[in-house]
Engineer: 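Have a look at this one before I ask anything.
Letters A, B, ... are given to chains in the order of the sequence lines, protein chains preceding strands, and every chain is numbered from 1. All figures in this text were calculated on a predicted structure; none of them were measured in a lab.
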Amino acid sequence: MPELPEVEIRRQYLETSSLHQVIAHIEVEDKKLLTTEYSTLINTLTGRQFVGTHRVGKNLFVLTDAPDVIVHMHFGMTGDLDYYHASLDRPRFARIVFEFTNGFNLGFLCPRKFERVGLIDDIDAFLKRKKIGEDGLVISLEDLIRQIQPKKAFIKPVLLDQHVVAGLGNWIVDEVLFQAYIHPEQRANTLTAIQFDQLHKAIRLVLETAIRYEATYRDFPNSFLIHVREWDNSPYDDVEAHKFCPRCGTRIERSEVGGRTTFFCPKEQVV
DNA sequence: GGCGTTGTTCGACT
DNA sequence: TAGTCGAACAACGC
């Protein structure tokens, strides 16, 4: 589930695997995954090299050796990268493959085809056009308040809005609100100064923790709510153990807020 | 084999 | 008008 931390991991992966290699060809299984004409993509990138990366929220930008040629990648809900030797089988769902002249390939994995790849010529202009907010890792408390304060909606959907702050997805928002002791259905314009401070700190804590553990949920501290989601290999033998608040032991509640599944502690997160 | 899931976009409503 | 909200989208794992 590529939210900010997962995209950051992919950025580091691309940075350490795929820079400074000449692109020989690009295979695209489904043109719908492209936001740029296939012929333009091929003509522009063939013979070029990736030279650097940049990330804002869930958006990954790959710089090339041409200053105004930048590849934009969005991983949708399930996208991933896989760098592999051309002699090996193409990884499952590698629907876009950058083939380098050195015999290695960078596969862009798109299991559900919600992912997108395309060319842009200016990162700032792109962010402005898409109205992407400040990245969750760098936004200041003052800017966070300025973005959230005027909104009357529930705090959870506000935090999910990439225009407000970029990079938070469904589970991260639940985790952030849990760490900040804020109910997901509290109205954004009713947050107190103390709550804004807790919220700002919680965003940092959750994002930095997720990046430190390379977004491997089972390794997260036990104080995290994420374990109730029973994703991948739970660290608990007793499946019941993580259905309770790690701080107060109250049974975690599951509901729907803004159309998304939401977990929270009904005792510590009150409206 | 039907349902749940994920992020973004778009249309409808206030 | 702009803000808010919910449905739709694709396709997989369970």
Side-chain angles (χ1 to χ4, degrees), chain A residues 1-11 28-36 55-61 72-82 90-96 107-118 120 126-133 135-136 146-177 184-191 203 206-207 210 215-218 225-234 239 243 252-263:
Chain A
M1 297 99 223
E3 307 187 26
L4 187 154
E6 286 103 336
V7 177
E8 174 62 18
I9 302 302
R10 285 155 177 69
R11 186 193 69 75
V28 179
E29 178 192 295
D30 188 341
K31 308 280 191 291
K32 282 208 297 276
L33 299 168
L34 301 178
T35 55
T36 299
R55 183 195 55 73
V56 176
K58 304 170 189 174
N59 298 279
L60 177 58
F61 302 99
H72 171 247
M73 296 182 175
H74 194 287
F75 294 92
M77 299 196 264
T78 49
D80 206 351
L81 295 174
D82 192 1
R90 182 207 282 212
R92 202 171 170 217
F93 308 127
R95 304 188 204 272
I96 299 175
F108 186 80
L109 280 49
C110 320
R112 310 218 177 149
K113 298 192 178 182
F114 267 26
E115 302 74 10
R116 290 295 179 268
V117 169
I120 63 169
F126 174 85
L127 294 172
K128 200 168 181 183
R129 182 164 56 82
K130 292 285 209 172
K131 298 190 171 72
I132 307 289
D135 187 85
R146 199 171 303 134
Q147 286 294 323
I148 293 175
Q149 189 94 268
K151 310 238 177 236
K152 299 186 182 77
F154 294 147
I155 186 63
K156 170 157 181 173
V158 167
L159 289 173
L160 283 171
D161 186 346
Q162 302 300 298
H163 308 145
V164 172
V165 49
L168 311 191
N170 197 37
W171 80 257
I172 288 188
V173 168
D174 279 4
E175 191 67 59
V176 163
L177 292 173
E185 290 186 323
Q186 181 170 348
R187 295 284 170 180
N189 58 351
T190 68
L191 263 65
I203 290 173
V206 174
L207 293 178
T216 303
Y217 312 121
R218 62 174 173 278
L225 181 68
I226 188 152
H227 301 294
V228 306
R229 288 182 177 256
E230 295 178 26
W231 288 339
D232 56 27
N233 315 314
S234 161
V239 285
K243 298 234 172 100
I252 292 298
E253 206 155 296
R254 177 197 168 117
S255 66
E256 195 160 292
V257 180
R260 320 310 291 194
T261 300
T262 299
F263 294 94

Engineer: What string of B, S and - do you get for nucleotides 6-14 of chain C, 5' to 3', if B is base contact, S is sugar-phosphate-only contact and - is no contact with any protein heavy atom under 4.0 Å?
Structural biologist: ---BBBBS-
Engineer: Find the distance L160(A):CG to dT6(B):C1' and express it as a whole number of Å.
Structural biologist: 11 Å
Engineer: Using five base pairs at each end, measure the axis-to-axis angle across the helix from dG2(B)-dC14(C) to dT14(B)-dA2(C) and round it to 10 degrees.
Structural biologist: 40°
Engineer: I would like to know whether T262(A) and E253(A) meet side-chain hydrogen bond (donor to acceptor under 3.5 Å, both in side chains); could you show each step before the answer?
Structural biologist: CA-CA 8 Å; T262(A) 299; E253(A) 206 155 296; over 6 Å; no
Engineer: Is the NZ atom of K31(A) crowded by more than 12 outside heavy atoms at less than 6.0 Å?
Structural biologist: yes
Engineer: About how many Å separate CG of L60(A) and NE2 of H72(A), when rounded to the nearest 0.5 Å?
Structural biologist: 8.0 Å
Engineer: Identify, with sequence neighbours excluded, every residue that meets salt bridge (charged side-chain N to carboxylate O under 4.0 Å, His left out) alongside D135(A).
Structural biologist: R55(A)
Engineer: Please determine if a side-chain N or O atom of H74(A) lies less than 4.0 Å away from the OP1 or OP2 oxygen of dG7(B).
Structural biologist: no
Engineer: Atom CG of L60(A) and atom P of dG7(B): how far apart are they, to the nearest Å?
Structural biologist: 17 Å
Engineer: Mind checking salt bridge (charged side-chain N to carboxylate O under 4.0 Å, His left out) for R146(A) and listing every partner two or more places apart, or none if nothing turns up?
Structural biologist: D143(A)
Engineer: Scan R187(A) against the nucleic acid and name what it touches under 4.0 Å (heavy atoms): base, sugar-phosphate only, or nothing.
Structural biologist: sugar-phosphate
Engineer: Walk along nucleotides 9-14 of chain B from 5' to 3' and tag each nucleotide B, S or - by protein heavy-atom contact under 4.0 Å, base first, then sugar-phosphate.
Structural biologist: S-----
Engineer: What is the distance from CD of Q147(A) to C1' of dG3(C), rounded to the nearest Å?
Structural biologist: 14 Å
Engineer: Look at Q162(A) and dT8(B) and indicate whether a side-chain polar atom (N or O) is within less than 4.0 Å of OP1 or OP2.
Structural biologist: yes
Engineer: Only counting residues at least two apart or in another chain, list the ones meeting side chain to side chain contact (heavy atoms under 4.5 Å, CB included) with A153(A).
Structural biologist: V158(A)
Engineer: Round to the nearest Å and state the distance from I132(A) atom CD1 to dG7(B) atom C1'.
Structural biologist: 11 Å
